[in-house]
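Since we're looking at a predicted model, the values are computed, not measured. Lettering follows sequence order; numbering is per chain, from 1.
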2 protein chains.
Amino acid sequence: MSLEAARPTINDVAERAGVSRTTVSNALNGKGTIGEATIARVRRVADELGYEPNAVARGLRQSKLGVISLLIRPLESLDTAMPEGVDYFLRFAGSAALAAMDHGYSLMLISDPSKPGAPPSSLAADGCLVEAPIRNDPALSLLDRKRIPFVAIGVDPARPDAFPAFVQQTEGETARVLDHLHEAGARRIALVTGTDENAWNVFARDAYEQWTARHGVEAIHRSIDETLGVEGGRMVAHELLSGATPPDGVYCLTGRHAAGFVAGARELGIDVPEDLVVAAGSDAVMNRTSSPTITALDLRPVETARLAVDALIRILQDEPVDWSSLDPTSELVVRESTSRRRGDGPAQA
Amino acid sequence: MSLEAARPTINDVAERAGVSRTTVSNALNGKGTIGEATIARVRRVADELGYEPNAVARGLRQSKLGVISLLIRPLESLDTAMPEGVDYFLRFAGSAALAAMDHGYSLMLISDPSKPGAPPSSLAADGCLVEAPIRNDPALSLLDRKRIPFVAIGVDPARPDAFPAFVQQTEGETARVLDHLHEAGARRIALVTGTDENAWNVFARDAYEQWTARHGVEAIHRSIDETLGVEGGRMVAHELLSGATPPDGVYCLTGRHAAGFVAGARELGIDVPEDLVVAAGSDAVMNRTSSPTITALDLRPVETARLAVDALIRILQDEPVDWSSLDPTSELVVRESTSRRRGDGPAQA
DNA sequence: GATAGCTGATGAATCGATTCTTGTAAATCG
DNA sequence: CGATTTACAAGAATCGATTCATCAGCTATC
């Protein structure tokens, strides 16, 4: 029919339809007052040419690009490749992408825009999601300064009330898990956290210390680099379980640490759950399918991501956000690693 | 010091430094001929103001945004949420994002731009990665027509040589897996594919038919919706294994189908691997940690994504791409589901 | 029959950068 | 000393859209 130009612009359409740029824009966007006949003609020509507005040009004029970005803070420490079994972030990102698409947005994965060499595109989005901000997160400060709307998933531990954020109920959840381990018979419960200074690690540790103080038991805490993954869990297991008074319960915040801890215990001839009960603070596929399966807190990344995207887009469209209804709920999924065959009652003191 | 404007523009910097826009641009980008003193002053003022170039404006002028997009074709059929255990795509996306960041690009996850309601931003990127295109993929045609550089991961089955693509060696790999199942003692080997018409499903089926013809055995093929996941695998297992002459080996292209197939077999009292050997065409975490662990083809999503991003960015920068060295290699990871205790020799005919 | 109002459409300004072209002063040259 | 480089910087055009202000031609009103 017509030889389509590589990327026809609005000018091509205008010329071919014998009208002005303005008329084309108005006709296609339903603005202004344009006659029926003209609208139809412009539409037809636009279709013939395969015209689609250039999102960048439109974005410049309207200062909105139809893109939201996602900054996954822990990714910064992961460096080159995504270790195996890190499904929380990936599931979060996948769900966020699909949710964004539902609203006509695309999701852009970015690296820390506050870092010197950061690509300019990392600030090009209309709004930003920040997953697990770190203490005094410079990215949050930057976004705030640049007046780029954002929603954090998890607060900045140093500034919990400074910015709009989804507040995980880390304290309550931590206590719940520790109570569960206690009910499963554990009397010396250790905590293994990661090293990132995000709300998850920081508040879980606080809650753990309160819990141990309340119960009058010793606090045994180790933090180990998230990037070490399963291997990191094994290392801590060897260290903790070879001591004089090893713990008989452990709460590992990351699923991979928990999996590694179980593996390490097994290497030392310690049976899970009979001699040691283990729970994970984040549910990974490997916790569901390993043997024994591992009790874990399901943080519902898919649902949380969807809620976060919805909230951000409401902000972008100047609609009110009801934060109170949006705090993510998590669920404790009890599996074999905390289910002793000899019953749930406390072991003899 | 200075009260920073929300987002200072190049004009603000120019005014404050007492020079023209042009000079600011040249000074910051090292172009043109600008005096040392002026450069220093502009830099200082830019820092004071916290100026960073607007990526959208720059993108409009240079017609490159510093963004590459990723279209995951199978995601279109997955609809609302990412089912559990779909780690191939997520790992691919995560790795692609990190690789893009290494090159100063951001990665945008988009939905099919050829669909009517698609957001305009889905065509805004400088280049596009298309994972697992479908037969006569309209997205590939669109990108080609719009002259947007792209790299496909897996060919369009109807047009295998039309576009730049990473060509998986599906035929060879399929034969390899079938040989392995045969060596493990299977004599009636079934194939379970998904329903998407991508190279993976189409070519594996072709290769399977050739293999069965070559070996003079019956071809038993079922295709089942990818979205049904583990449950789909169970259903096929029940259907196939309840028949008069059930297969004693099965090759499921997706990891979740394989996991479901094993579960279904177990429900029917069929032992894996003693009575039935099972292999998966895509390695998922659940295949590594399930019991029994499941033999699978590791498609190396992380490495493949990195190679694809590198290739696309070379194209964007007009550098030559050596495709011959880039075809993704996959590895057969042998696990319990194909390791019979009674030995690997063929059962008696 | 002049004024006001409405319809349909247009030219110019704008978003914030980069890039092409031009211009001016000082320095160099014959 | 006048002509010509050279160094440095500014002005204007451009990218492709949207939006503001305007305008021509009709119709309705009194």
Side-chain angles (χ1 to χ4, degrees), chain A residues 5-43 45-46 49-67 119-121 123-126 146-148, chain B residues 5-43 45-46 49-67 119-121 123-126 146-148:
Chain A
R7 285 227 227 182
T9 72
I10 196 171
N11 288 310
D12 299 327
V13 179
E15 194 177 346
R16 188 95 118 73
V19 294
S20 73
R21 270 212 293 287
T22 310
T23 302
V24 175
S25 175
N26 283 336
L28 295 178
N29 295 317
K31 304 193 172 176
T33 56
I34 311 285
E36 286 298 332
T38 311
I39 292 184
R41 185 156 40 93
V42 169
R43 284 240 180 83
V45 172
L49 260 44
Y51 168 75
E52 296 187 48
N54 179 318
V56 177
R58 168 184 284 178
L60 176 59
R61 182 68 239 249
Q62 301 187 326
S63 48
K64 51 177 138 171
L65 198 51
V67 174
S121 55
L123 285 174
D126 304 340
K146 301 271 180 203
R147 311 262 199 287
I148 299 176
Chain B
R7 285 228 229 181
T9 73
I10 196 171
N11 288 310
D12 299 327
V13 178
E15 195 177 345
R16 187 93 116 75
V19 295
S20 73
R21 270 213 291 288
T22 309
T23 301
V24 174
S25 176
N26 284 334
L28 295 179
N29 295 316
K31 302 192 173 177
T33 56
I34 310 287
E36 287 298 331
T38 311
I39 292 185
R41 183 155 42 91
V42 169
R43 285 241 179 82
V45 171
L49 260 45
Y51 168 76
E52 296 188 49
N54 179 319
V56 177
R58 168 184 283 179
L60 176 59
R61 182 67 239 247
Q62 300 186 326
S63 48
K64 51 178 137 172
L65 198 51
V67 174
S121 55
L123 285 174
D126 305 340
K146 301 271 180 204
R147 310 263 199 288
I148 298 176

Minimum-distance nucleotide (side-chain atoms of [X] versus [options]):
X       : options                : value
B/Leu60 : C/dT18, D/dG16, D/dA17 : D/dG16
B/Ile34 : C/dT19, D/dA17, D/dA9  : D/dA9
B/Thr22 : D/dA10, D/dA17, C/dA17 : D/dA10
A/Arg61 : C/dT19, D/dA17, C/dG16 : D/dA17

Distance test, side-chain N/O of [X] to OP1/OP2 of [N], below 4.0 Å:
X       : N      : result
A/Tyr51 : D/dG16 : no
B/Thr23 : D/dA9  : no
A/Thr9  : D/dG16 : no
B/Lys31 : C/dT18 : no
B/Gln62 : C/dT19 : yes
B/Ser20 : D/dG11 : no
A/Asn29 : D/dT18 : yes

Checklist entry - Any donor and acceptor pair, going by atom type alone, linking the side chain of B/Ser20 with main-chain N or O of B/Thr23 inside 3.5 Å? => result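 A pair under 3.5 Å: yes.
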Next on the checklist: Main chain of B/Val67, side chain of A/Ser121: is a donor-acceptor contact present, judged purely on distance under 3.5 Å?
Outcome noted: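 The answer is no, because no donor-acceptor pair under 3.5 Å joins these two groups.
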How close or far is atom [atom2] of [N] from atom [atom1] of [X], stated in whole angstroms?
X        : N      : atom1 : atom2 : result
B/Leu28  : D/dA9  : CG    : P     : 13 Å
A/Arg58  : C/dG16 : CZ    : C1'   : 18 Å
B/Glu15  : C/dG16 : CD    : P     : 14 Å
A/Lys64  : C/dG16 : NZ    : C1'   : 18 Å
A/Glu36  : C/dA9  : CD    : C1'   : 15 Å
A/Leu123 : C/dA17 : CG    : P     : 12 Å
A/Arg21  : D/dC20 : CZ    : P     : 16 Å
A/Glu52  : D/dG16 : CD    : P     : 15 Å

Please classify the nucleic acid contact of [X] as base, sugar-phosphate, or nothing, using heavy-atom distances under 4.0 Å.
X       : answer
B/Thr33 : base
B/Val19 : sugar-phosphate
A/Thr38 : sugar-phosphate

Checklist entry - If every non-hydrogen atom of A/Val24 is compared with every non-hydrogen atom of A/Ala14, which pair is closest and at what distance? => result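 Nearest heavy atoms, A/Val24 then A/Ala14: CG2-CA, 3.5 Å.
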Item to check | Shortest non-hydrogen contact between B/Val56 and B/Leu65, atoms and distance | outcome: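 Looking at all heavy atoms of both residues, the shortest contact is CA-CD1, 4.2 Å.
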Checklist entry - Are any non-hydrogen side-chain atoms of A/Asp12 and A/Thr9 less than 4.5 angstrom apart? => result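 Yes - at least one pair of side-chain heavy atoms lies under 4.5 Å apart.
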Checklist entry - If you measure from CD on A/Glu15 to CG on A/Leu49, what distance do you get to the nearest 0.5 Å? => result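 CG of A/Leu49 is found 10.0 Å from CD of A/Glu15.
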